Amino acid sequence: LAKDEKHIIPGSVVAMGPAVRHSLANIVESVPPMQRDSGPPVGYLSQERHAGAVPPPSQLSPTARRVPPSSRRLMPATGNLGAALGVPCVICFGEEGVLKTLHCGYKCHVDCLKQFWSQRVMTLCRIHNIRCPAEVTGCTADLGEEDLRGVVDAADLAEAQSRVDSVDEQTQSLIADLKRQSEEYRPMFLCAICLVEHEVEGCCTLPCQHRFCFESLQYHFDIIVRERRLKKLICPAEGCGFNLRSEESIHIFRQCLSEETYHKLHEFLTRDNPHIHDCKRLGCEERVFLDDGDDYADLACPRGHRFCAKCELGPHPGISCDEREEQVERERKEEEVKRDQAEAWRSALALGWKPCPRRCTFGGGYKAAEECDHVTCECGFEFCWDCGVERSVALLHDNRWHKPSCRYHTRPEEVAEAPVFVPGCPECQRRGDGLPCRFPPDDGYPHSYTQRRSMRQPRR
């Protein structure tokens, strides 16, 4: 045995732990000096031995002659062969024989590595950048020159390159054949609309797999859109009925319709969308999207117009369309009654009827032209027939207390006497401050007092 670790007996273990090296050193120290050989360490093969100049056995030291023939094997050129020592071949997982250590520390048989390299070359069609067989364990590097030394020689490289070139030639030939066949064979189909054969390339294939030429589809769907028969937006093939109004199929119409017709179709489909509503304001073209849970009875467009999505009587938040319709009907009838009453009042006034200024339940009455303008209603109220002012007020004061529109009125600037408080005047008493009551203004009598239906004959 050699004490120097650089001289290893061929065929022995390459890697030794510290304990093994210490034991071997103790054994070498225990050998007597006369038994030590002054030549190369035991088992060491000189360069001449490697070159083929092997000395005869008589010239070898006695210790060297004791080395078994099986232990005098030549080391490979790579110098990284060894036993498994519990690390199996990363390719075949076997531990028998000498294994080659790769750059990543994993081991494999030379035959396994060569077969692995050959298969990868044919699979990838290249002889370089072949990944390490330990890739399954996490190695990301490629096989290097040190890994393939002693495994692949120049003849193997030449053969592999020849095979790769042959595969490339076959691939290019196959591509050329396929291209030539595609140019020679042009599949045809019969359009079910125009009943003319067309090439499959350049046709329109619907999602239901029925094919048509674009000219026929444009003519067919253009009529449907112009007539707004949106339920007919289905496959034209007889018996198919595939619906083309879905979002997945609407793009087909962009390809086969003119831009004007497609925009018109898009507008029609938008109007038919139950979630999209047009503004009900006349002249407004805005649209409102109604989300689930929104109040359809009170929508507002971007321009601020409020409306109901389901009826023309909106907005009416909080009530249904039927309730709003009943409400509008009641208001309409009440308005008609008011109009009838107003017309009746106007007719009555034209005939000389006047209402009671107190708006009593008796309503008012008629008076002959020759009768006195001092009249008394059935309710007991005395007033001026011309202006409706209370008779006692004008009687206790003077004619300045008739309304300005009355023919009996005297303008205040025509009277030098100032107004005075009259205790018996009902208007002075209503003031309660000891000051005279004010002159009554014009209030539109009798037209502004026509709010009672009952008409009674006033008495003098």
Side-chain angles (χ1 to χ4, degrees), residues 182-183 185-317 320-321 324-325 328:
S182 62
E183 293 176 354
Y185 173 71
R186 296 182 179 273
M188 307 291 289
F189 78 99
L190 180 66
C191 178
I193 299 178
C194 63
L195 302 179
V196 176
E197 285 192 349
H198 300 270
E199 294 183 6
V200 173
E201 184 179 359
C203 73
C204 180
T205 303
L206 301 183
C208 54
Q209 301 305 315
H210 289 131
R211 292 189 178 95
F212 305 90
C213 64
F214 278 104
E215 293 78 5
S216 298
L217 282 181
Q218 180 178 2
Y219 176 79
H220 176 78
F221 288 118
D222 186 79
I223 297 177
I224 291 177
V225 173
R226 293 185 182 278
E227 297 178 356
R228 200 173 179 178
R229 294 183 293 133
L230 302 184
K231 293 184 178 180
K232 293 296 184 179
L233 294 176
I234 59 177
C235 174
E238 184 177 0
C240 179
F242 184 84
N243 185 14
L244 299 176
R245 295 177 58 180
S246 61
E247 296 182 0
E248 295 78 9
S249 306
I250 196 66
H251 67 280
I252 298 174
F253 298 105
R254 179 181 289 275
Q255 301 177 7
C256 63
L257 292 178
S258 63
E259 185 175 357
E260 178 185 359
T261 306
Y262 176 77
H263 287 311
K264 185 175 296 185
L265 171 63
H266 191 271
E267 181 179 356
F268 291 158
L269 293 178
T270 301
R271 293 179 181 178
D272 287 350
N273 191 327
H275 293 280
I276 299 178
H277 302 275
D278 293 330
C279 179
K280 300 296 181 66
R281 178 65 65 90
L282 184 63
C284 183
E285 298 180 355
E286 298 290 344
R287 293 186 176 92
V288 178
F289 187 85
L290 180 64
D291 289 323
D292 295 336
D294 290 347
D295 186 7
Y296 65 87
D298 188 16
L299 300 179
C301 77
R303 300 176 65 178
H305 303 147
R306 298 176 61 225
F307 61 96
C308 174
K310 295 185 178 181
C311 71
E312 303 295 333
L313 303 177
H316 48 85
S320 64
C321 294
R324 175 57 178 167
E325 185 177 358
V328 171

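Numbering of residues begins at 1 and proceeds along the displayed sequence. Values in this document were obtained by computation on a predicted structure and should not be read as measured data.
- Considering only heavy atoms from C-beta on, P236 comes within 4.5 Å of L206 through its side chain.
- Between C191 and V196 the shortest side-chain heavy-atom distance does not fall below 4.5 Å.
- Side-chain N or O atoms of K280 include none that pairs as donor or acceptor with a backbone N or O of R306 at under 3.5 Å.
- Once rounded to the nearest 0.5 Å, the distance linking NE2 of H198 with CZ of F214 reads 12.0 Å.
- The closest side-chain heavy-atom distance from C194 to Y219 is not below 4.5 Å.
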Exercise for review: Output, in order, the C-alpha distance, side-chain angles, deciding distance and verdict of side-chain contact (heavy atoms from CB on, under 4.5 Å) for R211 and V200.
Suggested key: CA-CA 8 Å; R211 292 189 178 95; V200 173; 3.6 Å; yes

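- In this structure, the separation between SG on C213 and CD on E199 is 12.5 Å, given to the nearest 0.5 Å.
- The shortest distance between side-chain heavy atoms of L257 and K264 does not fall below 4.5 Å.
- In terms of heavy atoms, C235 sits closest to C208 at SG-SG, 3.5 Å.
- No side-chain heavy atom of Y262 sits under 4.5 Å from any side-chain heavy atom of V225.
- The two residues I252 and C204 come nearest to each other via the heavy atoms CG2-SG, 3.9 Å.
- Among residue pairs with one or both ends in residues 215-224, those qualifying as salt bridge (charged side-chain N to carboxylate O under 4.0 Å, His left out) are D222-R226; sequence neighbours excluded.
- One distance of note links CG of L244 with CD1 of I224; it measures 9.5 Å at 0.5 Å rounding.
- For the residue pair A237 and F212, the shortest heavy atom distance occurs at N-CZ, 3.7 Å.
- Counting heavy atoms of neighbouring residues, nucleotides and ligands inside a 6.0 Å radius, atom CD of E259 does not exceed 12 of them.
- A donor-acceptor pair under 3.5 Å is absent between the side-chain atoms of R324 and the main chain of H316, judged by distance alone.
- Ring planes of F221 and F253: perpendicular class, angle over 60° (limits at 30 and 60°).
- Looking at every heavy atom in both residues, L217 comes nearest to C256 through CB-CB, 4.1 Å.
- Of the inter-residue distances, the one linking K232 atom NZ with H220 atom NE2 reads 9.0 Å to the nearest 0.5 angstrom.
- Between the CZ atom of R303 and the SG atom of C284 there is a distance of 4.5 Å, given to the nearest 0.5 Å.
- Inter-residue side-chain proximity for E197 and F189 is flagged as unmet; no heavy-atom pair is nearer than 4.5 Å.
- Other residues, nucleotides and ligands contribute more than 12 heavy atoms inside 6.0 Å of the CD atom of Q218.
- In plain terms, the two heavy atoms of I223 and R229 that are nearest each other are CG2-NH2, 4.1 Å.
- Shortest non-hydrogen contact noted between Y296 and S320 is OH-CA, 4.5 Å.
- Rounding to the nearest 0.5 Å gives a distance of 13.0 Å between OG1 of T261 and CZ of R254.
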